[in-house]
Amino acid sequence: MTASLILPPEQSVNCAYFFDLDGTLAEIKPFPDQVVVPKAILQCLQQLATHNADALALISGRSMVELDALTTPFRFPLAGVHGAERRDINGQTHIVHLPEGIEREAGALLHAALVTLPGTTLETKGMAFALHYRQAPEHEAALITLAERITRRWPQLALQHGKCVVEIKPKGSNKGDAIAAFMQEAPFAGRIPVFFGDDLTDETGFAVVNRAGGISVKVGIGPTQATWRLDGVRDVWRWLEQINSSQQESKATNNRRGGYESFSRSI
């Protein structure tokens, strides 16, 4: 059963934090390029990373280029395109490459098809595509059929359902594998994973976090395997503010105790 998340994780536990972006850190907008992460929330993320040895990463369906643009001036470890591309703490990138020609041919077919479906939008992400229908929900079935046709023609690609979007991505890439990869590397290794996400694409991440004994948090309504839930994006913002305040207070308390102990020993 999924319970409402109110308090931050136990402060005695060292955590590694993972966040989806759209619908989790930022409100969903009619078009992807309208999405903005408030500056105060970016500062909260940076503060949380600083408190936890920089063990914080963004896990998104967006490309890494988009994620960097949305989180400037900060530069976080990232997994973009549902894990098909990833940048670790050292800035090294790990990218899935499709056979030559697939991106170009599939993109051309999708572009021609969406011209006949008014209100739909094609978002290209290099090795992946997002077919948006938020402004034209009547075309959902047609887009699903189109995506299925593309993935049958090129079995290296897979279909991924999302909120008012059908995505086509490299087969075998998912957010769960991206989180698992981070958890094998410093500074994430040895910590308890905490993952916030809002969509079907985040369920693989929740599964990985649950198996590791971590904290999985579903943002919004809908069935999920996450063990905790927040009602919406603004609740995530409040949670970030709360945990930063709690960790800052804990750090100050420890510093005071450390100073007192040193003073006692000197006496």
| query | Which pair of non-hydrogen atoms, one from Thr93 and one from Met64, has the smallest distance, and what is that distance? | reply | CG2-CE, 4.0 Å
| Rounded to the nearest 0.5 Å, what separation is found between the SG atom of Cys44 and the CH2 atom of Trp239? | 11.0 Å
| task | Please round to the nearest 0.5 Å and tell me the distance separating atom CG of Leu98 and atom NZ of Lys171. | result | 12.5 Å
| query | Do you know which two heavy atoms are closest between Ala178 and Arg86, and how far apart they sit? | reply | O-CD, 4.0 Å
| side-chain contact (heavy atoms from CB on, under 4.5 Å) partners for Arg104, two or more places apart | none
| Side chains of Gln247 and Asn52: donor-acceptor distance under 3.5 Å anywhere? | yes
| query | Same cluster for Phe74 and Leu25 if Ile/Leu/Val/Met/Phe/Trp/Tyr side chains link at under 4.5 Å? | reply | yes
| Does the side chain to side chain contact (heavy atoms under 4.5 Å, CB included) test come out yes or no for Leu240 and Leu45, once each step is laid out? | CA-CA 7 Å; Leu240 277 168; Leu45 289 174; 4.1 Å; yes
| said: Tell me if a side-chain donor or acceptor on Ser245 pairs with a main-chain N or O of Glu241 at a distance below 3.5 Å. | reply: no
| query | Hey, does Asp54 have a side-chain heavy atom less than 4.5 Å from the side chain of Ile89? | reply | yes
| request: Apply the test side chain to side chain contact (heavy atoms under 4.5 Å, CB included) to residues Lys163 and Asp198: give CA-CA distance (whole Å), side-chain angles for both, the deciding distance (0.1 Å), then the verdict. | output: CA-CA 9 Å; Lys163 290 182 177 178; Asp198 74 303; 2.8 Å; yes
Please tabulate, for the side chains in residues 121-131, all donor-acceptor contacts under 3.5 angstrom to protein atoms that are two or more places apart in sequence or on a different chain.
residue : atom : partner : partner atom : Å
Glu123  : OE1  : His132  : NE2          : 2.7
Lys125  : NZ   : Gly61   : O            : 2.6
Lys125  : NZ   : Glu167  : OE1          : 2.8

| task | I would like to know whether His51 and Asn244 meet side chain to side chain contact (heavy atoms under 4.5 Å, CB included); could you show each step before the answer? | result | CA-CA 8 Å; His51 287 161; Asn244 275 324; 3.6 Å; yes
| query | Can Phe182 and Ile59 be said to form a side chain to side chain contact (heavy atoms under 4.5 Å, CB included), step by step? | reply | CA-CA 10 Å; Phe182 276 120; Ile59 314 290; 3.8 Å; yes
| field | Single-linkage hydrophobic cluster, 4.5 Å side-chain cutoff, Leu159 and Leu114 together | value | yes
| request: Grab the two heavy atoms, one from Lys175 and one from Thr201, that are nearest each other, plus how far apart they are. | output: NZ-OG1, 3.3 Å
| task | Check Ala26 against Val35 and note the closest heavy-atom contact, atom names and distance. | result | CB-CG1, 3.5 Å
| query | Is the closest side-chain heavy-atom distance between Phe196 and Leu230 below 4.5 Å? | reply | yes
| query | Tell me the side chain to side chain donor-acceptor pair (under 3.5 Å) pairs involving residues 210-224, sequence neighbours left out? | reply | Glu203-Thr224, Asn210-Ser216, Ser216-Thr227
| field | Point-to-point distance, once rounded to the nearest 0.5 Å, from CG of Leu78 to CD of Glu66 | value | 11.5 Å
| request: Step through it carefully: locate the ring centre of Phe195, locate the ring centre of Phe206, and say whether they are under 6.0 Å apart. | output: yes
| said: Under 4.5 Å between side-chain heavy atoms, counting indirect links through other Ile/Leu/Val/Met/Phe/Trp/Tyr residues: same cluster for Val208 and Val217 or not? | reply: no
| Can you list the residues that meet the side-chain contact (heavy atoms from CB on, under 4.5 Å) rule with Glu100, with sequence neighbours excluded? | none
| said: So Asp199 and His161, do their side chains get closer than 4.5 Å, heavy atoms only? | reply: no
| Expected output: side-chain Arg229 to main-chain Gly222 donor-acceptor under 3.5 Å | yes
| Between Phe19 and Met183, is there a shared hydrophobic cluster once you connect ILVMFWY residues whose side-chain heavy atoms come closer than 4.5 Å? | no
| task | Decide if atom NE2 of His111 counts as having more than 12 heavy atoms of other residues, nucleotides or ligands within a radius under 6.0 Å. | result | no
| Nearest 0.5 Å, what's the CD1-CD distance between Ile179 and Gln184? | 13.0 Å
Contacts table for residues 139-158: side-chain donor-acceptor under 3.5 angstrom, sequence neighbours left out:
residue : atom : partner : partner atom : Å
His139  : NE2  : Pro118  : O            : 3.4
Glu140  : OE2  : Tyr133  : OH           : 3.3
Thr145  : OG1  : Ala141  : O            : 3.0
Thr151  : OG1  : Ala147  : O            : 3.2
Thr151  : OG1  : Glu148  : O            : 3.0

| said: Quick one, Asp88 and Glu185 - any side-chain contact, counting heavy atoms below 4.5 Å? | reply: yes
| said: Let me check something: do Val236 and Leu42 share a hydrophobic cluster, defined by ILVMFWY side-chain heavy atoms less than 4.5 Å apart, either directly or through other members? | reply: yes
| task | Taking all heavy atoms of Leu21 and all of Ser60, pick out the closest pair and write down the distance. | result | CB-OG, 4.4 Å
| said: Under a 4.0 Å threshold between the charged nitrogen and the carboxylate oxygen, would Lys29 count as salt-bridged to Asp22? | reply: no
| field | Pro38: partners by side-chain contact (heavy atoms from CB on, under 4.5 Å), with sequence neighbours left out | value | Ile41, Trp237
| query | Quick one: does Asp177's side chain have a donor or acceptor within less than 3.5 Å of a partner on Asn174's backbone? | reply | no
| field | Minimum-distance pair of heavy atoms, taken over all atoms of Tyr17 and Ile243 | value | OH-CD1, 3.3 Å
| said: If we ignore hydrogens and angles and just use 3.5 Å, is the side chain of Thr72 paired with the main-chain N or O of Asp68 as donor and acceptor? | reply: no
| request: Can you measure from CD1 (Ile221) to CG (Asp231) and round to the nearest 0.5 angstrom? | output: 10.0 Å
